[in-house]
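Heads up: the structure comes next, in C-alpha cells.
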Amino acid sequence: MADLEVEAMSEEPEAEAGSRLSAEEAVRAMLVTLPRLVSRAKRTPVPEQLRSLRLAPRHLSLLSCLIFDGPTSVKDLAARLEVAPTTVSLMVSDLQREGVVERRSDPDDRRRSIVSLTEDPTTRAAVDDWLASGARAWRKVFDDLSPQERATFVHAIQRYEEAVAEAP
C-alpha cells in the first residue's frame with residue numbers, strides 16, 4: 001500500500017505535466033505566439049476620435065499610465081515608461097496639441113508639470129475604449145494565475161524586452 005501511495009504521489013496530474021516545457025519548446029512557442037500577438041494588437045481598431053492622431057505604441061503606454069495612475073508629473077511618467085523626461089515631454093506635447101492630455105503647473109511646485117487625461121468626455125471615452133480590449137484580455141489571463149505566476153510572467157516579458165534591446 002505504501003508503494004502505491006508513493007507512486008501515486010510522484011505522478012503529475014495531466015494538466016500539470018502538459019504545462020511543463022523545455023526551454024527549447026518554450027522558445028518555439030513564443031516565437032510563434034508573439035508575432036501573432038503583435039499582429040492582433042495592431043489590428044485593434046483605433047477609435048475614430050483618435051485616428052487622425054497617428055498614435056504609436058509609446059503613446060498607448062503613456063495613456064495607460066495616466067488611466068491607471070491618474071495625473072502625474074512628466075518625471076514620474078518618464079520613470080514608469082523607462083524613457084528620458086524629454087521624450088515624455090515631447091509625447092505629452094503631441095497629445096496636448098491634439099487635446100488628448102492636459103499639462104498644468106503643479107500648484108505646490110511651479111517647476112513641475114502635471115499631466116492628466118483631458119476632461120473632454122468624448123476623447124476620454126475614446127481612450128478608454130482603445131485600451132479596454134487589451135486590459136480585458138490581460139485580466140482574463142491574470143485572473144487565472146496566482147500572484148507568483150503573474151509576477152513570473154511579467155518578469156519574464158520584461159527580461160525578454162531587455163534581451164531584445166541588447167541584441168545587435
Side-chain angles (χ1 to χ4, degrees), residues 26-27 30-31 33-168:
V27 167
M30 295 310 295
L31 287 175
T33 304
L34 284 178
R36 286 194 322 238
L37 171 68
V38 170
S39 176
R40 286 193 174 125
K42 284 182 177 180
R43 287 192 310 249
T44 301
V46 176
E48 189 166 335
Q49 171 85 11
L50 305 175
R51 280 191 197 137
S52 66
L53 306 183
R54 298 178 192 203
L55 297 174
R58 63 191 181 134
H59 294 107
L60 184 66
S61 297
L62 186 145
L63 294 171
S64 295
C65 286
L66 292 176
I67 285 176
F68 282 104
D69 303 327
T72 191
S73 70
V74 170
K75 182 180 175 186
D76 288 345
L77 278 170
R80 286 187 193 128
L81 297 171
E82 299 177 6
V83 297
T86 53
T87 301
V88 170
S89 190
L90 290 170
M91 288 192 302
V92 167
S93 292
D94 292 343
L95 293 170
Q96 185 179 18
R97 194 171 25 260
E98 300 296 339
V100 178
V101 301
E102 297 169 354
R103 183 188 335 220
R104 64 186 187 291
S105 294
D106 183 340
D108 298 329
D109 181 354
R110 294 272 180 215
R111 296 169 294 166
R112 212 170 93 129
S113 290
I114 301 296
V115 181
S116 61
L117 285 175
T118 180
E119 293 298 320
D120 175 56
T122 306
T123 304
R124 276 190 85 102
V127 171
D128 285 342
D129 289 348
W130 190 35
L131 298 173
S133 65
R136 277 192 304 272
W138 281 121
R139 280 194 185 93
K140 183 177 179 179
V141 170
F142 287 139
D143 282 348
D144 291 339
L145 301 178
S146 70
Q148 182 179 359
E149 290 170 322
R150 288 182 207 126
T152 299
F153 178 82
V154 170
H155 182 70
I157 292 294
Q158 289 169 336
R159 288 192 56 208
Y160 172 76
E161 190 268 336
E162 291 167 4
V164 169
E166 291 171 0

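All values reported here derive from a predicted model rather than from experimental measurement. Side chains are part of it too, since the values below use all heavy atoms of this structure and drop only hydrogens, waters and symmetry mates.
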NZ of Lys75 to CZ of Arg80: how many Å apart, nearest 0.5 Å? 12.5 Å

Check whether any side-chain heavy atom of Arg103 sits under 4.5 Å from a side-chain heavy atom of Val74, and report yes or no. yes

About how many Å separate OG of Ser113 and CD of Glu102, when rounded to the nearest 0.5 Å? 13.0 Å

Do you know the tightest heavy-atom contact between Leu117 and Ile67? CD1-CG1, 3.4 Å

Minimum heavy-atom separation for Thr123 and Gln49, please, with both atom names. OG1-NE2, 3.0 Å

I'd like to know if the side chain of Ser93 and the backbone of Ser89 have a donor-acceptor N/O pair within less than 3.5 Å. yes

Please enumerate all residues that pass side-chain hydrogen bond (donor to acceptor under 3.5 Å, both in side chains) together with Ser61, with sequence neighbours excluded. none

If I compare all heavy atoms of Ala126 with all of Pro47, which pair ends up nearest, and what's the gap? O-CG, 3.1 Å

CG-CG distance between Leu95 and Leu90, expressed to the nearest 0.5 angstrom: 11.0 Å

Is there side-chain contact between His155 and Arg159, with at least one heavy-atom pair below 4.5 Å? yes

Heavy-atom closest contact (Ala78 atom, Val88 atom, distance): CA-CG2, 3.5 Å

Evaluate the ring planes of Phe153 and Phe142, with Trp represented by its six-membered ring, and classify them as parallel (under 30°), tilted (30 to 60°) or perpendicular (over 60°). perpendicular

Can you name the nearest heavy-atom pair linking Ile114 to Pro71, along with the distance? CG2-CB, 3.8 Å

With rounding to the nearest 0.5 Å, note down the distance linking SG in Cys65 to CG in Leu60. 10.0 Å

I want to check something: taking the side chain as every heavy atom from C-beta on, are Leu77 and Val83 in contact at a cut-off of under 4.5 Å? no

List the atom of Pro35, the atom of Met30, and the distance in Å for their closest heavy-atom pair. CD-O, 3.9 Å

Around atom CZ of Arg40, are there more than 12 heavy atoms of other residues, nucleotides or ligands at under 6.0 Å? no

Quick one: pull up OG1 in Thr87 and CG in Leu81 and give me the separation to the nearest 0.5 Å. 9.5 Å

Considering the options Asp94, Leu66, Val92, Leu50, which one meets the side chain to side chain contact (heavy atoms under 4.5 Å, CB included) requirement together with Val100? Leu50

Gap between atom CD of Glu162 and atom CD1 of Ile157 - 0.5 Å precision: 11.5 Å

Pairs in or reaching into residues 105-123: which pass salt bridge (charged side-chain N to carboxylate O under 4.0 Å, His left out), with residues at least two apart or in two chains? Asp106-Arg112, Asp109-Arg111

